[in-house]
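Single-structure report; data block below.
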Amino acid sequence: MTVRVAERRRSVRIPAAYPTLLADPCGRVLARGRTANISEQGLFVIVSTPAPPPDGEAVIVEMSVPAPNDDTRTVAYSCRIVRRQAVGHLIGLGVEFAMKL
């Protein structure tokens with residue numbers, strides 16, 4: 001017998017490895033890391049900081065993403081930390097987009 005569980009995710013996640021910076025609303029850097037995946041509603045970021053922002057915390061996420069002509073550009077979003085989990089000796093943060101800055 002196979003038990004099926006309904007998928008709770010609202011959007012498809014796409015693997016992505018973009019350099020990422022998390023800052024507080026005043027611009028102070030809280031963590032640096034890389035995205036693991038991204039969707040329409042948010043992203044999962046792997047960071048190595050010993051004290052990442054707590055769940056519910058408002059943060060600014062800046063990502064360096066590919067641009068035309070083999071260049072990169074930085075995009076910034078106002079976000080909220082929605083979950084965290086251990087990823088080996090690193091920490092994974094589930095981040096929900098609030099708005100593009």
Side-chain angles (χ1 to χ4, degrees):
M1 174 187 228
T2 302
V3 176
R4 293 186 182 235
V5 177
E7 176 64 59
R8 292 180 3 176
R9 294 179 175 166
R10 293 176 283 168
S11 298
V12 174
R13 268 106 173 128
I14 298 170
Y18 303 133
T20 304
L21 174 135
L22 279 73
D24 69 12
C26 295
R28 290 183 295 257
V29 174
L30 302 171
R32 294 179 189 273
R34 279 193 143 346
T35 59
N37 63 53
I38 191 166
S39 75
E40 289 178 347
Q41 272 81 34
L43 53 114
F44 191 70
V45 181
I46 308 294
V47 298
S48 61
T49 183
D55 290 359
E57 185 81 12
V59 294
I60 305 299
V61 173
E62 293 183 2
M63 289 185 291
S64 296
V65 297
N69 301 325
D70 294 326
D71 202 6
T72 61
R73 67 184 178 117
T74 300
V75 295
Y77 294 89
S78 176
C79 299
R80 178 174 71 91
I81 306 294
V82 293
R83 70 181 181 92
R84 68 183 58 236
Q85 74 181 56
V87 180
H89 66 283
L90 303 173
I91 299 169
L93 299 173
V95 180
E96 181 179 65
F97 295 130
M99 70 169 58
K100 186 172 181 182
L101 300 177

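Leu90 belongs to a hydrophobic cluster whose remaining members, ordered by chain and number, are Phe44, Ile46, Val87; membership requires side-chain heavy atoms of ILVMFWY residues under 4.5 Å apart, directly or through intermediates.
Residues Ala58 and Pro25 share a closest heavy-atom pair of O-CD, 3.7 Å. A pairwise comparison of heavy atoms in Ser39 and Phe97 identifies O-CE1, 3.4 Å as the closest pair. The two residues Leu30 and Pro53 have their closest heavy-atom pair at CD1-CG, 3.7 Å.
For Val82, the side chain to side chain contact (heavy atoms under 4.5 Å, CB included) test picks out Arg80, Glu96, with sequence neighbours left out. Under the rule for a salt bridge (charged side-chain N to carboxylate O under 4.0 Å, His left out), the partners of Arg84 that lie at least two apart in sequence or sit in another chain are Asp55. Scored by the side chain to side chain contact (heavy atoms under 4.5 Å, CB included) test, Thr74 finds Glu62, Ser64 as partners (sequence neighbours excluded). The side-chain hydrogen bond (donor to acceptor under 3.5 Å, both in side chains) check on Gln85 picks up Arg83, with sequence neighbours excluded.
For residues 22-34, every residue pair satisfying the side chain to side chain donor-acceptor pair (under 3.5 Å) rule, not counting sequence neighbours, is listed here: Asp24-Arg28. Sorted by first and then second residue, the salt bridge (charged side-chain N to carboxylate O under 4.0 Å, His left out) pairs involving residues 37-54 (not counting sequence neighbours) form an empty list. Screening residues 41-53 for salt bridge (charged side-chain N to carboxylate O under 4.0 Å, His left out) gives no qualifying pairs among residues at least two apart or on separate chains.
Under the 4.5 Å side-chain contact rule for hydrophobic residues, Val47 and Val59 share a cluster.
Within the model, atoms CG of Leu43 and OH of Tyr18 stand 11.0 Å from one another, a figure rounded to the nearest 0.5 Å.
Of the residues Ile81, Val29, Ile60, the one that meets the side-chain contact (heavy atoms from CB on, under 4.5 Å) test with Leu22 is Ile81.
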